[in-house]
Protein chains: 2
Amino acid sequence: MTTIAAPPAPAVLPPAHERFFAAGHDQVVDEHDAVLWDVLRGLTQGGKRFRPALLVHLHAALGGQDAHVAAAVADAVELLHTAFVIHDDVIDGDEVRRGRPNVGGTFAARGLADGATPERARRYGEAAGILAGDLALAGAVREIALCGARPDVTVRLLDLLEEVLHRSAAGELADVRVSLGGRVTLADALDVAEWKTAAYSFELPLQAAAILADAPEDVVAALGAVGRCLGVAFQLQDDLDGVFGTAEQTGKDPLCDLREGKSTALITIARSSSRWAQLAPFVGDPDLTEDGARRARELLVACGARRAVEALVHDLRGAAVAGVDRLPEPARRTLLDMITVLLGAPVPAPQAATPERGAA
Amino acid sequence: MTTIAAPPAPAVLPPAHERFFAAGHDQVVDEHDAVLWDVLRGLTQGGKRFRPALLVHLHAALGGQDAHVAAAVADAVELLHTAFVIHDDVIDGDEVRRGRPNVGGTFAARGLADGATPERARRYGEAAGILAGDLALAGAVREIALCGARPDVTVRLLDLLEEVLHRSAAGELADVRVSLGGRVTLADALDVAEWKTAAYSFELPLQAAAILADAPEDVVAALGAVGRCLGVAFQLQDDLDGVFGTAEQTGKDPLCDLREGKSTALITIARSSSRWAQLAPFVGDPDLTEDGARRARELLVACGARRAVEALVHDLRGAAVAGVDRLPEPARRTLLDMITVLLGAPVPAPQAATPERGAA
């Protein structure tokens, strides 16, 4: 719902991205390959860029000296995000991103224009998405390997990246699994948020900033815990915004999340309430109307699920802030400001944190 | 059809792979993630391992001193191959590899067992394949970045890897595109063979060996050309073996390639012959019988396509050998021996190299 203020999305690509795309374009072998690179480049422009912002600002606030090295690693984190977004779209079967055709949508359309059947065109689009994500992923690992830090620091960054990649893959797999139709607990939904979102979007940039700034080990460890809490809170807030936010606030169709019916923490909590029988027909209904969505929101409030998730966000934010409070200034102030940008200004804890339970 | 003699597939994983999988298993977050790593590990065992063999033997023959560094890069090349095989299977919709369920097949079966619909289970398998390939790809880039070579050598290897990745992605995309149903020329089929196969399977290990051995620039450049010729010849021979070889020779169903109906060079040449009307019903027929396959083979011989491809293999092999002849001994001898292992003993040029043409 909020956009991070600084640094703004750059008008030109940052240097590491510039090199990555220059190499890609220089080595293009045919017109289709050229389109692949153009679409990939388009996907790295715009967006909130809060991941590189977290890294660059925290690095400076922790006394880090090599701003250009931090900027290169920050670019790599953003490129990794692009890779994940592209592969996530393939996995979810989405062909649109931010209102425009994504890699898969672009190539599926090209396949159709060339006379392919819709099914073959769809698979062509999927292939292009897998390959574009591979290029971005390999580019991100390369950018970290060649970021220009001391060799021992680079090895630590690559170790951190490896661990984060492992958890992200497990989180994405779990995210697909929870949609298979089996029983999903709140713990499952929180695990997915931690592995899939918190690890690469928060733990990675925060800990990388500390490693690059030669911060003490306890600071690196504290930032891991801060990143986990902050990342899960961010994902839960995103789940809330996806249902209760407006298109102006979130930049996406406010019916989209309900229609998809994803087993978020919000929905998982609602599922264990006595109102679920009333709510269930609306969740995952691809033809959900504006009226249906209004009713679903009312039920999500009435069953206590909204308030329960707000309470979780509040508590996780509190845990993150407690971790941040142990950082030296000005890192403490910098990170608190960024938490406000990411999660909004602090609010009092919601009154009733316990959701209404089902009769069972 | 041939298997490379040395080094044999190791009973234990090589050191760089050992570290990669140890880290993966150490960081497993749940049982599903554990299965992902088990399947990925299984896929890196067995196989011909000719790519690492090319690198390690040529490196030694060029006077390279750091055998352990060459071994680490060779392992990375094999891990890259694993990543490509996994993503290729996702792109082709294959759930079996070497007679066993691959990543996608394993997870689709797990999804079904958990009560998912076949379509959701298939998509779960696809997600697992995309993620396992991502882990292997990132692991391969990391292994090259941390191979232990001099920093300038490591940068050159990463540049080579980047260029090869770009061409491989373009080749895979082109390979999917030629199956969309449009008109495919022999030049298209040869481009796909060069970009998709020759680049990472031959140019990469041969040029990496030379870079690691501090070989002169003209040797590195010559090995690029050798790798392209050898790689395309290898792919064309593989296309021939896929149609004319036995299950004992190729390790796969001898009807498989005909049933799939892929636009290989062999089929592309046949398509421009006057026999194509007779041949066309057999190519891409998923229910092709033993008798139908026999008839298809007869027609592929009669129209001159087999001989034309054999002539191409012969000429490309000749071009590769001419390049190898400019290498210093013992590298020249070593590489000539490996060409014999990969393509069989040299044979005289096929008599009629020009295929029969259609009336048009």
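Residue numbers begin at 1 in each chain, while the letters A, B, ... track the order of the sequences.
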A.B. asks: Can you tell me how far OG1 of A/Thr117 sits from CG of B/Leu180, rounded to the nearest 0.5 angstrom?
C.D. replies: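 One finds 8.0 Å between CG of B/Leu180 and OG1 of A/Thr117.
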A.B. asks: Of all of B/His166, B/His87, B/Arg110, B/Glu172, which one pairs up most often with chain A through heavy atoms under 4.5 Å apart?
C.D. replies: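 Option with the greatest count: B/His166.
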A.B. asks: Which bit of B/Val90 comes within less than 4.5 Å of chain A, counting heavy atoms only: side chain, backbone, both or neither?
C.D. replies: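 For B/Val90, backbone and side chain are both near chain A.
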A.B. asks: Looking only at heavy atoms, which of residues 139-150 of chain B get nearer than 4.5 Å to chain A?
C.D. replies: B/Val141, B/Arg142, B/Ala145, B/Leu146
A.B. asks: I'd like to check B/Phe107 versus A/Leu173 (side-chain heavy atoms, cut-off strictly below 4.5 Å). Are they in contact?
C.D. replies: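 The answer is yes; the side chains approach within 4.5 Å.
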A.B. asks: Examine whether an atom of B/Asp92 lies under 4.5 Å from a heavy atom of chain A, and if so say whether it belongs to the side chain, the backbone or both; otherwise answer neither.
C.D. replies: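 Backbone only.
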A.B. asks: So, does A/Arg167 use its side chain to make a donor-acceptor pair with the main chain of B/Val29 at under 3.5 Å?
C.D. replies: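 Pair absent, no side-chain N/O of A/Arg167 close to backbone of B/Val29.
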A.B. asks: Hey, which of B/Leu36, B/Asp191, B/Asp33 has the most heavy atom pairs under 4.5 Å with chain A?
C.D. replies: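 It is B/Asp33.
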A.B. asks: Would you mind checking which part of B/Ser179 comes under 4.5 Å of any heavy atom in chain A, side chain (CB onward), backbone (N, CA, C, O), both or neither?
C.D. replies: both
A.B. asks: Under a 4.5 Å heavy-atom cut-off, does chain A meet the side chain of B/Glu162, its backbone, both or neither?
C.D. replies: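 Contact with chain A: backbone and side chain both.
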A.B. asks: If you count heavy-atom pairs under 4.5 Å between each of B/Asp159, B/Leu165, B/Val28, B/Asp114 and chain A, which one has the most?
C.D. replies: B/Asp159
A.B. asks: Which answer fits A/Leu137, side chain, backbone, both or neither, if we ask what part of it has an atom under 4.5 Å from a heavy atom of chain B?
C.D. replies: side chain
A.B. asks: If every non-hydrogen atom of A/Glu163 is compared with every non-hydrogen atom of B/Gln27, which pair is closest and at what distance?
C.D. replies: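 Residues A/Glu163 and B/Gln27, closest heavy atoms: CA-OE1, 3.4 Å.
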A.B. asks: Can you name the residues of residues 125-135 of chain A that have some heavy atom under 4.5 Å away from a heavy atom in chain B?
C.D. replies: A/Glu126, A/Ala127, A/Ala128, A/Ile130, A/Leu131, A/Asp134, A/Leu135
